[in-house]
Each structure stands twice: as structure tokens, then as C-alpha cells.
Amino acid sequence: MSSVALIGVQWGDEGKGKIIDVLTEQSDIVVRFQGGANAGHTVEIGDEKYVLHLLPSGILREGKTCMIGNGVVMDPFQLVSEITELEERNISVRDRLQLSNRAHVVMPYHKIADGLRESSNKNVKIGTTKRGIGPTYADKANRVGIRAGDFLKLERLEARFRKQAERYNEQFEAQNAEALDIDATWTELKQAAEFLAPMIEDTIVSVNAEMKSGKNILLEGAQGFWLDIDYGTYPFVTSSNTSVGGVCTGAGIAPSKVSDVWGVVKAYTTRVGEGPFPTELHGQEGEDLRAAGNEFGATTGRPRRCGWFDAIACRYAVMVSGVSKLAVTKLDVLDELDEIKVCIAYEIDGERTTEFPADIDDLDKIVPVYQSFAGWKSSTCDCRSWEDLPAKAQEYLTFLSEQIEAPLGIISTGPNRAETFFV
Ligand code: IMP
């Protein structure tokens with residue numbers, strides 16, 4: 001029996017969907033433990049491409065059970081449409097999916113509130129995905145949220161929904177924004193609730209029972225460490241714990257039961273939305289990396305900001321999350337570069353440091369100190385083992401692993417399932 005957690009070590013979009021798909025082969029159950037439809041996990045299998053936002057990527061492997069844990073914020077309309085789309089593509093979902101009765105529900109009013117907050121000049125613009133994530137977690141903390149378990153009691157659900165929707169509409173009116181059509185939304189919500197109700201379970205009890213019976217569990221993280229509400233570049237973060245702590249609170253699994261932590265990193269760095277990004281490349285270099293890596297958001301289509309690998313940020317994330325194995329993705333994107341850089345220290349006001357600062361003003365002042373590597377200038381796409389890699393690529397990967405203090409476990413050199421190997 002093993003319970004393996006997988007998290008992003010950078011700012012999200014590390015290619016977790018693909019690594020989860022690969023690791024799912026060795027797992028019986030896959031559990032998503034935080035975030036919501038702000039995630040966009042892309043998996044390519046042969047000629048088919050799937051982009052999942054709420055469903056665990058493990059759903060693409062036949063016969064595997066998937067769970068949406070209590071720490072996830074679940075948009076019922078998005079979930080129904082993802083399930084329907086996969087079933088139309090002949091992938092069975094409803095017989096293999098369990099949805100936590102404690103997962104909080106993202107309502108249409110949360111999405112409106114998210115958009116209004118972003119467009120208001122009274123607030124710092126975060127660059128959110130506008131999927132209602134922040135307002136839903138805020139309602140959870142304010143103890144006024146609606147949970148998936150409420151879908152099993154429609155009368156009570158309707159009363160709670162109407163009360164909250166009216167409260168939000170008052171707020172929208174005060175902001176001169178369009179109000180939510182409560183009656184029409186209720187009709188749609190009721191349909192979604194009826195569709196999802198058969199899948200609602202106490203997933204905490206089921207996942208622990210599965211562990212007890214010797215099943216292998218894969219805990220699927222979304223976003224990345226530096227978007228964590230506690231550790232990330234606050235306030236430019238998401239509203240959940242994307243670090244490994246989220247596994248315990250968001251899936252109901254005790255820390256002593258987590259046997260391994262996979263950390264996923266890209267061979268370089270990207271970030272979507274606002275906020276500090278010490279190794280960001282501006283101008284042509286950044287644009288070239290974006291084009292080579294096809295760095296456009298899977299959820300919002302926004303161009304991603306691109307930059308060099310930041311060993312300082314990754315080492316901190318590895319330390320906090322106890323990463324025991326590293327999966328490095330998109331190595332092939334660097335194949336044609338003459339020179340590749342890795343950030344090995346920061347200078348702030350002329351002082352050198354190898355720790356990631358907490359203060360937003362310090363973060364804005366960082367001047368990265370780089371170590372430079374000669375590029376390998378050959379394709380890694382057909383590499384299927386460590387020995388197949390060019391020596392300079394081996395040297396680069398070994399340096400990353402030593403710098404961030406985590407052993408290499410998987411290398412990915414292309415979007416397809418086959419373009420992956422274990423080290
Ligand atoms: P929110 O999670 O939509 O509230 O957005 C907060 C911040 O997290 C924004 O900068 C988003 O761009 C970022 N973010 C949220 N989800 C993802 C993701 O899956 N990948 C990368 N960035 C994300």
C-alpha cells in the first residue's frame with residue numbers, strides 16, 4: 001500500500017496532468033485535494049488531447065476510481081459538462097467518480113464577485129482565473145458556504161442558495177453590476193444537483209477504507225507551491241493550500257500515511273497572472289521561450305510569463321513539502337537554446353541571499369544571480385532513458401536536482417504519454 005502525493009513546485013502549469021496520468025498506472029485511486037476549475041490539466045494520449053479542470057486526471061485511465069476531495073471547491077456546472085464531454089468520448093466517469101459531501105460549491109455569484117473584484121480599481125489586481133475560487137473559499141471561511149452534501153437535500157439547498165444569492169445581489173447592486181437571475185439559476189442548479197447527487201459520498205471514509213485494504217492512492221495537487229495561500233507570493237496567490245499540507249486537510253489523509261511526495265517542475269519557469277517572478281525574461285527571449293513551450297493558459301488562454309529555472313524558489317518549495325522525487329517536464333523546450341541559465345541566488349538592495357523572501361517589496365527588488373550552461377542543441381524528444389539524453393542535458397538536470405535537494409525521478413520530453421521516462 002502507498003499514498004503518493006503530487007504537487008507543483010513552481011507557479012502552476014508544471015505539466016502535472018501528464019505526470020499524474022503516468023503515475024496513475026501504478027495507482028488504484030486518484031484524489032484531487034484542493035483548488036477548483038482554475039486548474040487546467042492537459043493530457044495527450046496518442047492523437048487525443050484532454051483538458052481537465054475539475055476531474056482528476058486519473059479518470060483517463062480505465063478502471064481507476066477518482067475522488068474529488070473535501071478541500072476542492074466544485075463548480076457543479078463545470079463538473080457536469082466535463083463528465084458529459086468525457087462520456088461522449090466513450091470514457092466512463094459516473095461509475096468511477098466520488099464527490100466529497102464536504103466539498104464547497106462554487107456558485108455563479110462567486111464567479112461574478114471574482115470578476116468584479118478583479119475589475120475594481122479599489123483592489124490589488126491578482127489576475128485570477130475568474131472561476132470564483134477566492135469568493136468560494138472566503139464563504140467557506142466565513143461559514144456561509146454551500147457544500148456538495150447539500151445537493152442531497154434539495155429543499156434545504158434551495159433555501160440556502162436563495163439566501164446567499166440575495167446577499168450577493170445586494171452587493172452587486174451597490175456596485176452597479178448586473179444582478180444574478182436567481183430563479184433561472186436555481187432551475188439549472190437543481191438539475192446539476194440531481195445529476196451529481198449519486199456520486200456524493202463521504203470520501204474521507206472511503207479513501208481511508210481503500211488505504212486500509214491495501215490500495216495505492218495518488219493525491220493530485222493543482223496549481224503550484226508559490227500560489228499557496230500560506231507560503232506563496234501573497235497576495236498574488238490562489239486561495240487554497242497547494243503545498244503538501246493540503247493533502248491532509250483536503251483529502252482527509254493523515255501526514256503519517258503519505259509515503260512519497262512527487263514535486264513537478266518545468267525545466268524553466270512560467271507564471272500566469274500578476275505577482276513577483278524573479279527570473280522572468282522580458283522581451284524577445286521571453287517571447288521565444290513562450291513560443292517554443294506553447295505557453296498559453298489551458299483554462300484562460302492567457303499568455304504565460306516565461307523565465308529561467310529558479311533554484312532558490314524550488315529549493316524552498318521542496319523543503320516545505322518534503323519532496324522526495326522530482327519530475328522534470330518540458331526539457332525538450334530548451335533543446336535549441338545556445339545558453340540556458342539557472343538562478344542560484346538573489347540580490348536584494350545589494351545583499352546576496354539564497355532564501356526566498358516573504359515580503360512583497362523585497363520580492364519586487366530581486367536581482368537574480370545566474371549560473372550559465374551551454375545548450376545541448378539536439379532533440380531530446382525521442383529519448384527514452386537517462387542514457388539517451390545528451391551529456392549536457394544530463395549535466396543540466398543533475399545540477400537542478402543538486403541545487404534544489406531532490407532526486408530526479410521522471411523526465412518528460414514532450415506532451416505525449418510515451419515521451420516520458422523514469423530515472
Ligand atoms: P485564482 O486561483 O483563480 O483565484 O487565481 C489566483 C492566481 O493563481 C492567479 O495569478 C492565477 O493566474 C493563478 N492560478 C490559478 N490557477 C492556476 C493554475 O492552474 N495554473 C497557473 N496559475 C493558476
Side-chain angles (χ1 to χ4, degrees), residues 6-20 32-43 50-57 71-75 78 82 104 106-120 123-141 220-243 246 250 264-266 268-277 280 290 293-307 310 313 317 329-330 360 363:
L6 180 142
I7 58 157
V9 172
Q10 295 159 320
W11 277 275
D13 306 317
E14 295 91 350
K16 293 179 293 296
K18 179 187 159 168
I19 306 298
I20 293 154
R32 247 305 285 269
F33 57 86
Q34 47 69 231
N38 48 351
H41 290 166
T42 308
V43 183
Y50 303 88
V51 183
L52 302 171
H53 299 281
L54 264 174
L55 284 171
S57 310
V72 172
V73 287
M74 181 272 298
D75 176 341
Q78 173 66 34
E82 262 177 62
H104 277 250
V106 179
M107 292 291 183
Y109 48 73
H110 290 129
K111 290 198 243 180
I112 301 172
D114 196 358
L116 286 174
R117 193 209 164 281
E118 280 289 292
S119 56
S120 159
N123 300 309
V124 179
K125 188 172 159 59
I126 307 288
T128 75
T129 59
K130 299 186 186 160
R131 296 295 191 271
I133 306 300
T136 309
Y137 278 116
D139 274 2
K140 175 179 176 175
E220 170 175 339
Q223 289 85 47
F225 180 87
W226 288 107
L227 291 171
D228 185 283
I229 183 86
D230 282 285
Y231 304 113
T233 49
Y234 193 89
F236 301 98
V237 292
T238 189
S239 303
S240 64
N241 283 119
T242 57
S243 56
V264 187
V265 292
K266 245 179 221 175
Y268 49 99
T269 314
T270 60
R271 175 167 201 168
V272 224
E274 308 298 318
F277 179 0
E280 181 168 12
R290 182 177 311 123
N294 190 24
E295 294 294 355
F296 296 89
T299 301
T300 58
R302 291 179 290 177
R304 295 179 184 140
R305 299 155 65 193
C306 297
D310 186 340
T329 62
K330 298 188 100 165
I360 197 77
L363 281 164

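Read the numbers this way: they start at 1 and go in the same order the structure lists the ligands and their atoms.
At a 3.5 angstrom cut-off on N or O pairs, Asn38 counts as close to ligand 1.
Contact annotation: for Trp11 versus ligand 1, heavy atoms closer than 4.0 Å belong to the backbone alone. Contacts between Arg302 and ligand 1, counted as non-hydrogen atom pairs separated by less than 4.0 Å, involve the side chain only. The side chain of Leu227, and not its backbone, has at least one atom closer than 4.0 Å to an atom of ligand 1 (non-hydrogen atoms only; side chain from C-beta on).
Summarising the geometry of Gln223 relative to Thr242, their closest heavy-atom pair is CB-CG2, 3.7 Å, with the distance given to 0.1 Å. When all heavy atoms of Ile360 and Pro276 are compared, the pair lying nearest together is CD1-CG, 3.6 Å. Taking all atoms of both residues into account, the shortest heavy-atom contact from Asp139 to Tyr109 is OD2-CE1, 4.4 Å. Contact detail for Leu55 and Glu82: the closest heavy-atom pair is N-OE1, 3.1 Å. Between Thr270 and Trp11, the shortest heavy-atom distance links the atoms O-CB, 3.5 Å.
The side-chain contact (heavy atoms from CB on, under 4.5 Å) search around Arg117 returns Asn123, Ile126, not counting sequence neighbours. Shown here are the side-chain contact (heavy atoms from CB on, under 4.5 Å) partners of Lys16, two or more places apart in sequence or in another chain: Leu6, Glu14, Ile20, His41, Val264.
What sits closest to atom 7 (C) of ligand 1 on the protein, heavy atoms only, is Val237 O, 3.9 Å. Scanning all protein heavy atoms for the shortest distance to atom 10 (O) of ligand 1 gives Val272 O, 3.2 Å. When hydrogens are left out, the protein atom nearest atom 3 (O) of ligand 1 is Thr129 OG1, 2.6 Å; that is the closest non-hydrogen contact. Atom 2 (O) of ligand 1 has as its closest protein heavy atom Thr238 OG1, 2.6 Å. Among protein heavy atoms, atom 5 (O) of ligand 1 sits closest to Thr128 CA, 3.3 Å. Protein heavy atom in closest approach to atom 20 (N) of ligand 1: Asp13 OD1, 3.1 Å. Protein heavy atom nearest atom 17 (C) of ligand 1, with residue, atom name and distance: Gln223 CG, 3.4 Å.
The closest approach between Gly127 and ligand 1 falls below 4.0 Å for a heavy atom of the residue. The closest approach between any non-hydrogen atom of Ala39 and ligand 1 is below 4.0 Å.
The side-chain hydrogen bond (donor to acceptor under 3.5 Å, both in side chains) with Glu295 is formed by just one residue from the set Lys330, Arg305, Arg271, Arg302; it is Lys330.
Ion pair Asp75/Arg131 not flagged as a salt bridge, since none of the NZ, NE, NH1 or NH2 atoms sits closer than 4.0 Å to an Asp/Glu carboxylate oxygen.
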